[in-house]
Amino acid sequence: MTRLSSEWRRTHYTKDVDESLTDEEITVMGWVHEIRDLGGIIFVLIRDRNGMIQLTAPSKEIDPELLEKIRKLRKESVIGLKGKVQESGKAPNGVEIIPSEIKIFSLANQPLPMDPTEKVKAEIDTRLDSRFIDLRKPSISAIFKIKSKMLHTVRTFFEEEDFLEINTPKLVASATEGGTELFPITYFEKEAFLGQSPQLYKQMMMSAGFDKVYEIAQIFRAEEHDTLRHLNEAISIDMEASFMDDVDVMKILNDLVQKVIINVKQDCKEELKTLEMDLEIPEGHFDIVTYDDAVDIVNSKDVPMEWGEDLSRAAEKALGKVMDGYYFLTEWPTEIKPFYVMPNEKNPVKSHAFDLMYKDLEISSGAMRVHQHDLLREKIAEKGLNPDAFGGYLKAFEYGMPPHAGWGLGADRFNMTLTGLKNIRETVLFPRDRRRLTP
RNA sequence: GCCCUGGUGGUGUAGGGGCUAUCAUGUGGGCCUGUCGAGCCCGCGACUCGGGUUCAAAUCCCGGCCAGGGCGCCA
C-alpha cells in the first residue's frame, strides 16, 4: 500500500511550481507542514527541501474518499500529491494544487517531540535529541547547504591548483605523539587510537613525491573541553605542499577562504537571508599580525600576557576586538608550537608557524615544516617525546624529503564564520561533544 | 576538571512553604468555503531523582543525574 509504484514519481519540487504550469497535472512529494480545515474548504501546506506549496480542497467539489484521506492527515506526515495547478491570488505563492489523488506514505505520530514551524522555540538540547525534525526547519538546513557549498568549493579549488586528494588512516597505533588526548579503541589483540590529525601522514606524502596533497576528513580529540567552539569529532581540511614555505601556503589559504566566501555569497543567497547573515567578501590580503605585536595589543587592552605564552581566551577576545574579520597571526614562539614546526634560521626562538584567525576564533594553523631528519629527531626529544616511537614517520625523512609547508583548517569553525553561528554544535549534523554520543 | 545558573504538560514558560499550579503553542473533538502565526467553543496534558527540615515542600537545605553559560585543557 505504501510502496512507491511507478505512477508515484515526483514531477516537480514545490519551489518550481508556478503560473506557467496552470491546468497541468503534477506530482509533488513532501511533509505536511500545516493543516487548516475550514469545513467547506481545507488547506494543506506541503513542504519539501526547498519550499512549500498549498493543497486546496473545496470539500463539495472533490471526491469524498479523497476528502476523507485529507481529513486523516496529521502534521509532518509524508505524502505524495497528484493534482491540477491552479493560479490564485489568494494562495501563498500565487499558485495552489487542486488534489486528484493522495498517497500517504507515513503518518506522523502526535504530539511531535518539537515544533518544526518554529512558532515555539526549542533549546539546543531538545533540538539535538530530535535532530531529524530540527533539520526540517529552513533556518537549520541552510547551515548545511552552506557547508556543502563550502566543501565543494574547497575541492574545486584544490583541483584547479593541481592538488591530489588523499585519504589517510584514522586508526592509528601510537599514543606517543604527545599533545592532545586520544580515544583508545580495541584493534584485535592490540590497543589503537582514533586519529587526532593527518599531520604525520600528509608529511610522509611529501617524501612520496606527491608534491601537493589535501584531505577533508574527521579528526578525533578526547579532550574534556566544554565550550561553544570545541567538538570531540570535527572535520579538518588539511593541505601540504613541497618546495613551499609558510608564506606560500598562507597565500593559498587566503585565496581559498576568499573563493569560498565569494561562492557562498553568490550561490546561497536564500540560505544567508534565512540566517540573517550579511557576508562580506574580504578584499586583497588578510592583515598580518606578528606574535610580538599581538602580545603588545593584548597587554594594551589590560589583559596580562607574557611573551612565550599561548593566547588565553581573554587574550583572544582582546585581539578579536582590535582585529576585525580574518587575519594571520605569525612568527609564533617555537616553544609553544609542535615539534614539526620550522624554527627561524636567524632566531630559533621564533618559528615559521602561523594561525588564521576570524575575530577571536582560531580557524586554521599551519607552518613551514622541519624537513631535516636530524633536526626533527632532536626536536621530538626536546618536547619530551620518544623519537623511536616515531619510527615510521622519521624514516620518511631519511631517504629524500623535500622542504614543505602546510596547514589544517577547521571546517566546522570556518562554517561558523560563514553562517554567523555562535555554537559549533549548530554546524554539525550530529555533534559529538563531551556528553553527547547520540543520536 | 573548576566556577556560575537552571531542571514545571510534547515544546517554550509563569509561580517560588498551604488556593483546582499560570500562559502560549500543541494535541483530541466540534463549528466555519480563502486560510496563510486563521478564528471560535469544549476537552487533554507537567513540578528531574533520592534524602532531610516542617503540621505542610514544585517552592527551603544536602547529594545525585541532566542541561545552559564561563574558564581551563586543546603536539
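All values reported here derive from a predicted model rather than from experimental measurement. Each chain gets a letter, A, B and so on, in the order the sequences are listed, and its residues count up from 1.
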| request: For B:C44 versus B:C36, give the span between their P atoms, rounded off to a whole number of Å. | output: 28 Å
| field | More than 12 heavy atoms from other groups under 6.0 Å of CD on A:Glu276 | value | no
| task | Check whether any side-chain N or O of A:Arg435 sits under 4.0 Å from OP1 or OP2 of B:A67, and answer yes or no. | result | yes
| said: Using atom C1' in both nucleotides, what's the gap between B:C40 and B:C32 to the nearest angstrom? | reply: 9 Å
| task | Select base, sugar-phosphate, or nothing to describe what A:Leu228 touches, counting heavy atoms under 4.0 Å on all strands. | result | sugar-phosphate
| query | Between the side chains of A:Thr56 and A:Gln54, is a donor N or O closer than 3.5 angstrom to an acceptor N or O? | reply | yes
| In the structure shown, which nucleotide is the Watson-Crick or G-U wobble counterpart of B:U22, with both distances under 3.5 Å? | none
| query | What integer number of Å spans the P atoms of B:G30 and B:G18? | reply | 41 Å
| task | Please give the nucleotide sitting opposite B:C40 as a Watson-Crick or G-U wobble pair, both distances under 3.5 Å, or none. | result | B:G30
| message | For a quick check of understanding: with a heavy-atom distance under 4.0 Å over all strands, which category does A:Asp226 fall into, base, sugar-phosphate or nothing? | response | base
| message | Between A:Arg313 and B:C73, is there a contact of a side-chain N or O with OP1 or OP2 at under 4.0 Å? | response | no
| message | Mind checking if A:Lys422 touches a base, just sugar-phosphate, or nothing, with heavy atoms under 4.0 Å? | response | nothing
| request: Please state whether the phosphate of B:C36, meaning OP1 or OP2, lies under 4.0 angstrom from any side-chain nitrogen or oxygen of A:Arg36. | output: no
| Going by the angle between their ring planes, with limits at 30° and 60°, are A:Phe158 and A:Trp407 parallel, tilted or perpendicular? | tilted
| message | Just checking A:Tyr340 against A:Tyr393, ring centres under 6.0 Å apart? | response | no
| request: Pick the P atom in B:A58 and in B:C49, then give their distance to the nearest Å. | output: 10 Å
| field | Sugar-phosphate, base or nothing in reach of A:Ala314, heavy atoms under 4.0 Å | value | nothing
| request: Anything under 30° is parallel, anything over 60° is perpendicular, the rest tilted; go ahead and classify A:Tyr326 against A:Phe414. | output: perpendicular
| query | Which is true for A:Lys60 with a 4.0 Å heavy-atom rule: it touches a base, it touches only sugar-phosphate, or it touches nothing? | reply | base
| query | Do any side-chain nitrogens or oxygens of A:Lys119 fall under 4.0 Å of OP1 or OP2 in B:G26? | reply | yes
| field | Atom P, compared across B:C60 and B:U8: separation rounded to whole Å | value | 15 Å
| Just checking A:Glu118: base, sugar-phosphate only, or nothing, at a heavy-atom cut-off of under 4.0 Å? | nothing
| task | Summarise how protein sits on nucleotides 6-15 of chain B as a single string, 5' to 3': B when a protein heavy atom is under 4.0 Å from the base, S for sugar-phosphate-only contact, - for no contact. | result | ----SBSS--
| remark: Quick note, A:Leu38 side chain, CB onward, closest among B:U27, B:C73, B:A38 is B:A38
| request: May I ask you to say what A:Ser312 touches in the nucleic acid, namely base, sugar-phosphate or nothing, with a heavy-atom cut-off under 4.0 Å? | output: sugar-phosphate
| message | Side chain of A:Asp37, heavy atoms from C-beta onward: which of B:C32, B:G34, B:A67 has the nearest atom to it? | response | B:C32
| query | When you measure from the side chain of A:Glu224, which nucleotide among B:C74, B:G34, B:G1 comes out closest? | reply | B:G1
| request: Using a heavy-atom cut-off of under 4.0 Å over every strand shown, decide if A:Arg74 touches base, sugar-phosphate, or nothing. | output: sugar-phosphate
| said: I'd like to know whether NZ of A:Lys137 has more than 12 heavy-atom contacts from other residues, nucleotides or ligands below 6.0 angstrom. | reply: yes
| Distance, nearest 0.5 Å, that separates OG of A:Ser141 from CD of A:Glu271 | 7.5 Å
| message | Tell me whether the side-chain N or O atoms of A:Glu34 pair up with the base of B:U35 as donor and acceptor below 3.5 Å, since no angle test is needed here. | response | no
| query | Between A:Glu331 and A:His352, is there a donor-acceptor pair closer than 3.5 Å when you use the side chain of the first and the backbone of the second? | reply | no
| task | Just call it for A:Ser59: base, sugar-phosphate, or nothing, with non-hydrogen atoms closer than 4.0 Å on any strand. | result | nothing
| request: For A:Thr56 and for A:Asp125, find the nucleotide of RNA chain B with the closest heavy atom, then tell me which residue's nucleotide is more 5'. | output: A:Thr56
| task | Examine A:Arg10 relative to A:Tyr13 and say whether NZ or CZ is less than 6.0 Å from the centre of the six-membered ring and inside a 45° cone about the ring axis. | result | yes
| Under-3.5 Å donor-acceptor pair between A:His225 side chain and B:C74 base | no
| Expressed in whole Å, how much space separates the C1' atoms belonging to B:U59 and B:U53? | 13 Å
| said: Suppose you measure atom C1' in B:U11 against the same atom in B:C19; what distance do you get, rounded to whole Å? | reply: 28 Å
| field | Complementary nucleotide of B:C2, counting Watson-Crick and G-U pairs under 3.5 Å | value | B:G70
| The side chain of A:Gln110 lies closest to which of these nucleotides: B:U27, B:C71, B:G34? | B:U27
